[in-house]
Amino acid sequence: YDPEYLQGVEISTYMPRRVLVALDKHTGEVRWRMGEQGLDLLTLEGTTIVAPPAVAEGLVLTVAANHDGNHNVSFLAFDLQTGAVRWRRSLGFGQQELNLFGSPLKELAASPIAIAEGVAYASTGLGFVAAVDIRSGVPRWLASYSIIPVRKVELWYDAPVRTPKIAASPPVVRGDVLVVCPTDGRHVHAFDRRTGKLLWREPYETSGMVYDVTGHFLGVANDGRRDVVLLTDNELRARDLETGETVWRGRFDPEDDRVIGRGAVAGGDILVPTREGLQRFGLGSDGAYRGTVPWPQDSDPGNLLPLGRVLIVTGRRELQWFYDWAAIERDVQKRRLERPDDPTILLEAGEMYLRGGGETKRARKAFEQAREVARRAQPELEGRALEGLYDTWLLEGDQNATFPDEATQAYRKALSFASTAEQRVRARMRLDRLLREHDEAARIKNLEALVEDAADALAVIDPADGRVPARAAALLLLAEAHVD
């Protein structure tokens with residue numbers, strides 16, 4: 001990127017070219033990258049991907065754009081296995097914010113894609129929605145909508161940029177209705193998904209607020225009497241899918257709490273992430289408030305994605321997941337009653353407790369029970385239970401690093417379950433770091449044992465040096481300890 005300047009002010013904007021890449025889900029290796037096969041190199045020259053992809057009927061579908069004064073938007077379909085372009089269909093041209101010199105100020109962003117009965121639907125980010133046949137790429141219909149006005153540039157060094165009133169969300173197909181909330185628009189729209197006819201539209205409630213609030217479209221759900229379109233802004237609101245009228249509202253507690261991400265429907269609950277915490281509302285009780293669960297300390301709240309018994313939260317900095325441990329334990333007990341001689345149930349539960357939430361007490365109990373069942377019914381699985389116990393005690397030691405006695409006991413317990421040189425080295429290296437400041441005599445004994453245990457294993461002494469032979473490292477540390 002070579003920026004352009006005028007009187008020391010940058011007058012161009014970096015516009016990255018975004019491409020589609022397919023990875024092997026087991027190894028992470030690149031399977032294909034768009035535009036690297038034959039004529040595709042020419043077909044996709046200057047093309048950037050502007051929407052998350054969707055997969056259907058052996059195709060990878062996405063929205064793409066080329067910019068040459070205007071944005072030329074098209075639907076693209078790639079072969080899922082090879083990445084070759086199967087078809088490309090131009091949908092139309094449009095413009096977004098430009099500076100006084102005709103350069104775009106931001107990237108184009110289309111919506112995620114919805115797929116139903118062989119048709120793909122997307123909002124283009126240029127004031128219209130497109131419905132395209134998956135197999136051929138032939139447009140079924142295009143429908144325009146009112147956009148947030150693009151303001152005129154008055155100062156060459158300060159071009160105005162529109163602020164979306166609603167966050168990006170995929171269109172939703174429910175029966176014969178397509179619901180779309182375009183980020184460059186001002187309304188919630190309901191279209192006949194077969195013809196593109198506008199059924200109703202209602203303005204985003206954020207438009208008239210005195211402070212900035214980003215709205216969110218949660219999806220469509222049935223509240224027991226009707227299908228409703230669920231949205232959040234300064235409250236939770238449900239609009240009748242047939243008419244667009246607001247049929248009930250859910251008030252936050254406190255009422256001035258602010259939404260900080262996209263909520264979700266989970267069973268009979270509507271979950272909304274706010275600054276105060278995770279607020280719950282009853283879907284079948286006209287949005288009745290059911291309480292708030294505060295965010296854990298140092299968490300990074302954001303968009304919600306319920307997956308079975310796991311709640312994924314995507315914040316600005318990190319991805320987090322939360323579990324309903326009581327529900328998981330009930331499920332484990334139920335499955336154990338059905339299959340009392342199957343240790344894999346307990347092994348899976350132990351892994352979930354350990355990897356998912358660092359619940360070492362629950363994990364230890366599950367692995368101990370799995371070991372007992374394996375000894376009786378499937379001896380070949382006892383090793384997995386022992387490995388789980390080793391990992392559990394190791395993590396417990398890490399969690400108690402500020403309490404030397406408890407951490408030392410946990411690492412020694414981990415050693416009792418270690419079955420390989422690598423496992424013994426991991427535990428003894430942790431003990432060395434702990435004992436270095438608290439018990440030099442015990443540290444020397446641990447290093448002497450490490451020399452015996454190390455075999456050909458590798459260890460990390462200094463992260464800058466990477467992994468080195470553990471026995472040699474132990475001998476050096478032992479010499480250093482004797483000198484001290």
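- Looking at heavy atoms from C-beta onward, Leu307 lies out of side-chain contact with Trp321 at the 4.5 angstrom threshold.
- Here Ile345 contributes atom CD1 and Gln369 contributes atom CD; the two are 11.5 Å apart, rounded to the nearest 0.5 Å.
- Contact check for Cys181 versus Tyr204: side-chain heavy atoms found under the 4.5 Å cut-off.
- Note that CG of Leu59 and CD1 of Ile134 are 7.5 Å apart. Values are rounded to the nearest 0.5 Å.
- Inter-residue side-chain proximity for Leu178 and Val129 is flagged as met; some heavy-atom pair is nearer than 4.5 Å.
- Put simply, the side chain of Asp233 never gets that close to the backbone of Gly215: no donor and acceptor are under 3.5 Å apart.
- Considering all non-hydrogen atoms of both residues, Gly175 and Arg193 come closest at O-NE, 2.8 Å.
- When all heavy atoms of Leu337 and Pro340 are compared, the pair lying nearest together is O-CD, 3.8 Å.
- Proximity of a side-chain donor or acceptor of Arg262 to a complementary backbone N or O of Phe217 within less than 3.5 Å is detected.
- Between Pro170 and Pro112, the shortest heavy-atom contact is CB-CB, 3.7 Å.
- Contact between Arg86 and Gly58 at its shortest, heavy atoms only, is NH1-O, 4.4 Å.
- Taking each heavy atom of Gly388 and Leu354 in turn, the nearest pair found is O-CD2, 4.4 Å.
- The backbone N or O of Asp398 lies less than 3.5 Å from a partner atom in the side chain of Tyr411, making a donor-acceptor pair.
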- [ ] Apply salt bridge (charged side-chain N to carboxylate O under 4.0 Å, His left out) to the pair Lys413 and Glu396, showing each step before the final yes or no.
- [x] CA-CA 10 Å; Lys413 287 291 291 184; Glu396 187 153 319; over 6 Å; no

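- At least one donor-acceptor pair under 3.5 Å links the side chain of Arg89 to the backbone N or O of Gly137.
- Atom CZ of Arg17 is surrounded by more than 12 heavy atoms from other residues, nucleotides or ligands within 6.0 Å.
- By the side-chain hydrogen bond (donor to acceptor under 3.5 Å, both in side chains) test, Glu57 pairs with Arg135, sequence neighbours left out.
- Between atom CZ of residue Phe322 and atom CG of residue Leu278 there is a gap of 8.5 Å, rounded to the nearest 0.5 Å.
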- [ ] Just do the side-chain contact (heavy atoms from CB on, under 4.5 Å) check on Arg339 and Thr344 with the steps written out, would you?
- [x] CA-CA 10 Å; Arg339 294 147 55 192; Thr344 61; 4.1 Å; yes

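- Distance alone, capped at 3.5 Å, places no donor-acceptor pair between the Trp393 side chain and the Thr360 backbone.
- The shortest distance between side-chain heavy atoms of Leu478 and Glu448 falls below 4.5 Å.
- The side-chain heavy atoms of Ile49 and Met34, taken from C-beta on, include a pair separated by under 4.5 Å.
- Using a cutoff of 4.0 Å between basic side-chain nitrogens and carboxylate oxygens, Asp432 and Arg436 are scored as salt-bridged.
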Open item on the list: Does Glu117 form a salt bridge (charged side-chain N to carboxylate O under 4.0 Å, His left out) with Arg194? I'd like the steps, not just the answer.
Closed with: CA-CA 10 Å; Glu117 296 183 9; Arg194 301 186 187 281; 3.7 Å; yes

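- Checking side-chain atoms of Thr274 against main-chain N and O of Gly277 turns up a donor-acceptor pair under 3.5 Å.
- A distance of 7.5 Å separates CD of Glu351 from CG of Leu347, quoted to the nearest 0.5 Å.
- Looking only at side-chain heavy atoms (C-beta outward), Leu386 and Arg371 come within less than 4.5 Å of each other.
- Counted within 6.0 Å of NZ on Lys445, heavy atoms from surrounding residues, nucleotides or ligands total 12 or fewer; the atom is thus considered open.
- Legend: side chain to side chain donor-acceptor pair (under 3.5 Å) pairs involving residues 28-51, not counting sequence neighbours, sorted by first then second residue: Thr47-Asn66, Thr47-Arg88.
- With Arg174 as the partner, the side-chain contact (heavy atoms from CB on, under 4.5 Å) test is satisfied by one option alone out of Val228, Val179, Asn222: Asn222.
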Task: Worked check of side-chain contact (heavy atoms from CB on, under 4.5 Å) between Leu231 and Ile166 - done: CA-CA 10 Å; Leu231 303 116; Ile166 198 162; 4.1 Å; yes

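- In this structure, Thr392 OG1 and Glu359 CD are separated by 11.5 Å, a value rounded to the nearest 0.5 Å.
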TODO: Determine, step by step, whether Phe252 and Glu276 satisfy the side-chain contact (heavy atoms from CB on, under 4.5 Å) criterion, reporting the C-alpha distance in whole Å, the side-chain angles of both residues, the deciding distance to 0.1 Å, and the verdict.
DONE: CA-CA 10 Å; Phe252 297 142; Glu276 292 290 328; over 6 Å; no

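- Judged purely by atom type and a 3.5 angstrom limit, Asp439 has no side-chain atom pairing as donor or acceptor with the backbone of Leu435.
- Listed for the Asp300 side chain is a donor-acceptor partner under 3.5 Å among the backbone atoms of Glu318.
- Under the side-chain contact (heavy atoms from CB on, under 4.5 Å) rule, Val50 has a single partner from Thr62, Thr124, Val63, which is Val63.
- Going from atom CD of Glu338 over to atom CZ of Arg335 covers 8.5 Å, rounded to the nearest 0.5 Å.
- With contacts defined as side-chain heavy-atom distances shorter than 4.5 Å, the pair Leu61/Val132 does not qualify.
- The shortest distance between side-chain heavy atoms of Ser285 and Arg290 falls below 4.5 Å.
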- [ ] May I have the step-by-step check of side-chain contact (heavy atoms from CB on, under 4.5 Å) for Leu304 and Leu311, ending in yes or no?
- [x] CA-CA 7 Å; Leu304 308 182; Leu311 178 65; 4.2 Å; yes

TODO: Go through Glu440 and Arg443 one step at a time and tell me if the salt bridge (charged side-chain N to carboxylate O under 4.0 Å, His left out) criterion holds.
DONE: CA-CA 5 Å; Glu440 190 63 24; Arg443 183 194 177 208; 3.6 Å; yes

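- Between Arg375 and Glu372, no side-chain nitrogen of the basic residue sits less than 4.0 Å from a carboxylate oxygen of the acidic one, so the salt-bridge criterion is not met.
- Closest non-hydrogen pair, Ile113 versus Ala122, comes out as CG1-CB, 4.2 Å.
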